[in-house]
Structure formats: structure tokens, C-alpha cells
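Input: a single structure, listed below in C-alpha cells.
So that the names make sense, note that chain A is the first sequence line, chain B the second, and so on, each numbered from 1. The structure displayed is predicted, hence computed values, not measured ones.
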Amino acid sequence: MLSRIKELYEYRDLLVTMAMKELKLQYRNSVLGFFWSLLNPLLMMLIFTFVFANVFKFNIKDFPIFILCGLFPWNFFNGSLVGATGSIVANSNLIKKVYFPREILPLASVLANLINFLLSIVVLFLFLIVYGHNFYVFIPLLLVIIFIETILIAGAALLLSSLNVYYRDIQYIVGVGLLAIFYATPVIYQLSMVEKSSLMMRRPYLMYIYKLNPMVWMITVYRELLYENRWPTLKMFLYAITGAVILLIIGYTVFHRLQPRFAEEV
Amino acid sequence: MAVNTGIPGDNIAIKVDDLWKKFFIYHERHQTLKETVLSMRRARYEEIWGLHGIDLEVGKGQTFGIIGENGSGKSTLLKVIARILQPDRGDVSTNGRISALLELGAGFHPDLTGRENIYLNGAILRLSKKEISERFDRIVDFAELERFIDTPVKNYSSGMYMRLGFAIAINVDPDILLVDEVLAVGDEAFQRKCLDKIKHFKQAGGTILFVTHEVDVVKQICDRAVMLDSGKIVSQGDPKQVVRDYHDAVLTTEKGEEGGTKEIEIKRVELLNDEGTRTTRYAAGDRMIIRIHYEAKKPIEDPVFGLGVFDQRDAKCFGTNTELRQYETGRVTGKGVAEFDLKSLSMLDGKYTLTLAIHSSLSASIYHWQERYYSFEVYNDYRDEGNLFIPLDFKLKPDK
């Protein structure tokens, strides 16, 4: 295990080069190029704001900020997993012809999306400043939660990319699954709205299941820090870390169980 | 199980120890969850042992050739050594940095420029960014792509693509180079350039493991060789001897039959090309010399030497003998050599078998016959169609 990590470290240049390749290719031949990765969530923000603040009359202040604080971390999760799941199958020509640590492929996808995410955070800061949110003291904690989310995503990426080599359905399931998780995560609504909903009141066990989703705690922490501008509770952090570490262990174990026969199966 | 990169001893570059590799041939494959869940039994498959307890030692600075027919396991062996495939049993240990030329330009991305692909491919071959920058000019120079280096490689010709792939792999400055058939591609000038570069690498003390069909190259550049058959080593040692064994194995078919009184016996047969080297692969229109080493137990008057060529469907393409062609053989005693010199093989691509016979005039008694005992292959560079290869010229004379 330690030697694997050491080897991964020796291949770090490949990880970065692969991630940069993905970013370069993503917007090649489009006029606005890289700006799409910022423009896209901003347009989504406009749509959600229109629908929820204006049509459904959600009573949430600074609704655009509220949405962006959830949407950017969500897009990091969503984009990474969509990219990573097919990454090994899509690079079958490489897998069959060259040796390198196979983890590089899904992880490069995660890294590319992380870079996108960090840039979008900068844009988010501009919005926060304009809306007069006082978030500066929370920046160190923000970096911690970004790190934790990255671990969570890396675990899921390893798991899904290796399973997809054996069962190609995974890439289709991921599409629908992500949509389900999107609604099971407080991205476009508040956690308190779920807690107070009549369904959860009547069936409290549903709330336990809901809270098993680590993304609930990720998004909640982001929102506490950037939108509410207050310290998240220790419980939220522990939930998030536990979920991330468990997923990384599962993902890593499954990946290494399946990895030896990748070159024969892709 | 594990492939260690430990140090197997100072003078050894690659050590392969009792290596076994199993493949699964699926009869019905579950590639979706639904199939796995719905079918009550497991996927049906057969196990095939691709490698059968291979032991191998390649010394530092050696050029080592691996030959064998298709499916003999030679590429599998190379891939296990390159760590692309994992063995089921046994160990591979290597000493030094490995670069594998398994497929030139594997991993090139068509939308990236030549420059970007050099950095990407270099990183795949474990070079740091700095190391690639140091080698960048050398790579571009070798590939002769100065003018096109900022063009996406999808616009490259296949030759340019190959040149760039080779240039990157060879300039990794590996200690051990694994080469698989890659020299069979590209134009002749490029092949020569690659071969030169490999010879340079060899002179500089690099170790090369070389898998190929072109056994003549093995004779030219290898210090040692092995021949694989069905995943086992069947011959090893001096490349000349191994290549000879290879030819004998390829030449002899499995379904051949033989018989006769053996008063004159066909001891050994060689197929030669125009340059007098042994081969079983000919281009359409090539010259083929069939050299028969015979031995007569007692003096025989005017024996007739005959031959027949059959195609894959066992239809006779051609047959003749020395009597039909009115060659006198006279009194034959002891050992000797009889040669048919076929000036031009007038057939198109395919596998052919050869029947040889020595008999008396009008086949009154048959001394020795070997029915479809030997095989050879014809390929055709022009992709002509039909059964026959007819050499031709073409002229165009427009009216003035």
C-alpha cells in the first residue's frame, strides 16, 4: 500500500498533465472556451433563482448566493464522477499498451474538476463581496472542507471507474443516480426545510437515511461558512469526514481488487 | 504474484521466474448487471494458459529476441514484463528504467498538438516535465516534425505519427527497451532510421528485449533468442540456431503425411528467398528456392523429383516434376541437394502447402513422398484481387 502511494507520487507529473489535457480539450473549439465552466453555473443560478425565488416564492435571502454556495461544490462532485466513471474504459488503448498506475485516470478527472472548482470559488468570492458577506475568517476552514470533499470524490471515482470496466451499466446508472443524489442533497433548498417537512415528521427514520448521504454535510458546511458566515458544528464536520474516509477506503479496495485484469477486460 | 522492481543481481536486467498467465475465453459474457443478476449460473468461460512456466534471464547490455508464431505467447510475455498484464504465478524482476515500444503513438490524443502530445506521452513514460523539456528538441529533430509541431496530430500522416511515437519512446533514455513488432510499420527510410537508433542504443550498453515476426532481424541484431510455442519455451540460445528451429517448425505442417520405400529419402527441406536466406514468407512475384537434402541408400537411376503447391482449400495450384520438365537426373548415390528454383510465385496472398516427392520414371515405384508436408505464406503489396499474380507495366500515351 505504501509502495503504491510512493509510485503514485512518482507519477504526479502524469496526473497533472492528464488533468490539464482534460481541461484543454473540454473547451477546445468553443468561442468562450474556459469561461464556460464559470458561465454554466452562473446561468444555472439565474434559472434556479427565477424558478425558486420568483415563481415558487422561496423566502431565502440573497438567493443567488445561497444557490451558488451549493451549486459550485455540487458541480465539482457531479462533473468529477461523470468524467471519472468512463475514464478507464475510454482510455483502453493506453491501458493495453503502457504501464502506469491506473488510478491516474479517474484521479486526473477529479483534479481537472478541482481546478475548475477552485476558479469558480474565486468568482463566488466576488459575489460574496458584492453582497457584503463577511466570510474572510472562514477561508482556512473552507480549504479543509474542499480537501475533505476531494477525498470523498476520489473514493467514489475509484469505485465507479473500476466497476464500470466490468459492468458498463455503471455509466448509465451514474447519470440517474447523480440526479437522485442532487435532490437528496440540500443544493436548491435548505436542510431545515427537509427537517421540518411533514413527511420527515411522520416518518423519522427517513431522516436518518437522508443524513447518511455525506454530500448533505459537505454542502451544509460550505453554506454555513460562506452563506451563513458562522462556524459549522463539529457534528457536521465529523459526518463529512467519516463519509469521505469510508468511501475512499471502499473505492481504493475495490479498485485494487479489480485492477490486475483491466488490460484484459477493457 | 507480485511484479517487483527489485534488483535481481548486478549483471541481470530482466529475470523471469516460472511465469504463468491465464486468460479467460468467455462463451457467454456478462457485461451488464442485468445479465449477471438474471442468469443463475456464472459466466461460462474456458481457461487458457497463455504462458506456461517461463524462465528467462536477460543480461545487461544484451539484445534478446523472442520469436514464435501468432498466439505463441510472445506478446503476452512482453506485456507481463512491461507490467501491463499481471501474471497468475511467478515473478518478474527488472533492473532499470523500462520503456516499451508496444505501439507507437499509443496515447496520442488526436486533438492535441504534437508539442502537447510529447509532454503527455513523456509523462506516461514516466518523464518529469523538466526531463521532457530537456529532450524536446532531440525528439522533434529525430521525428523531423519541426514545421508541424504545433499542429494537432489528427492532421498528421500515419508516417509522421509513427515517427513522433518512436522518437518519444527512444528518447526516454531507458535502461531496458521492450520492442514489439513496431519496426514493421512506416516507410523503409524510417525503419532504417529506427534500426540505426536501436543499434546505437545497443552500443551504448542498453538492454533490448525484442519480439518480432521478422526473424532475419533477430539474426542480425540479437545476442540471444528464445522461441515460444503455446506459451512454452521450445528453443533458446544462439539466435542462428533458434531461427533455424523456428523455420523448421513453421515450415512443417501438422496435417502432412509421408511414405514410400525410402530408397531415396528427403532428409531436410529449406525454403529460400532470392538472397538465399531461409524464410516462409514471400511477396507475390518473389523467387522461391526449394532446397531438398536427400540421401540415397543405394544407387538409383534417373529418379524424378516432383512438387505440388496447394492452397488453403487444398486445391492444387501447381504441380510439376523433373520428368515433365525434361531434366535428366542420371545416377544418384549418397547424400546431395536438389533445388527447384521457382522464378516467380504467381499467386496472391494466402497460406500454401507444399508436396514433395521422389519417385521413379512414370511413378512405377515411389521412393519418398511428403504430402502437404510444408507450408509457406504469400502476401501481396499491391492488394491485387483474384488468384493470380501477373507482373505488369502500364503506359499512358495521350494523343497530341
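The residues A:E7 and B:R83 are annotated as salt-bridged, a charged nitrogen and a carboxylate oxygen being separated by less than 4.0 angstrom.
With rounding to the nearest 0.5 angstrom, the OH atom of B:Y119 is 15.0 Å from the CG atom of A:L14. Summarising the geometry, atom CG belonging to B:D88 is positioned 5.0 Å from atom CZ belonging to A:R261; distances are rounded to the nearest 0.5 Å. If you take OG1 on A:T17 and CG on B:N121, they are separated by 11.0 Å, rounding to the nearest 0.5 Å. Rounding to the nearest 0.5 angstrom, the gap separating the NE2 atom in B:H109 from the CD atom in A:E22 is 9.5 Å.
For CZ of A:F147, the number of neighbouring non-hydrogen atoms (other residues, nucleotides, ligands) closer than 6.0 Å is 12 at most. With a 6.0 Å radius and a threshold of 12 heavy atoms from other residues, nucleotides or ligands, B:K129 has its NZ atom at or below the threshold.
Between A:E264 and B:K21, the closest side-chain pair of non-hydrogen atoms falls below 4.5 Å. Side-chain contact check for B:I124 versus A:M18: some heavy-atom pair is nearer than 4.5 Å. In this structure, the side chains of B:E116 and A:M20 stay at 4.5 Å or more apart for every pair of heavy atoms.
Heavy-atom distances place the side chain of B:L125, and not its backbone, under 4.5 Å from chain A. Contact annotation for B:K79: only side-chain heavy atoms (C-beta onward) come within less than 4.5 Å of a heavy atom of chain A. Only the backbone of A:I95 comes within contact range of chain B, with at least one heavy atom under 4.5 Å from a heavy atom of that chain. A:R102 touches chain B through its side chain: at least one heavy atom from C-beta onward sits under 4.5 Å away, while N, CA, C and O do not.
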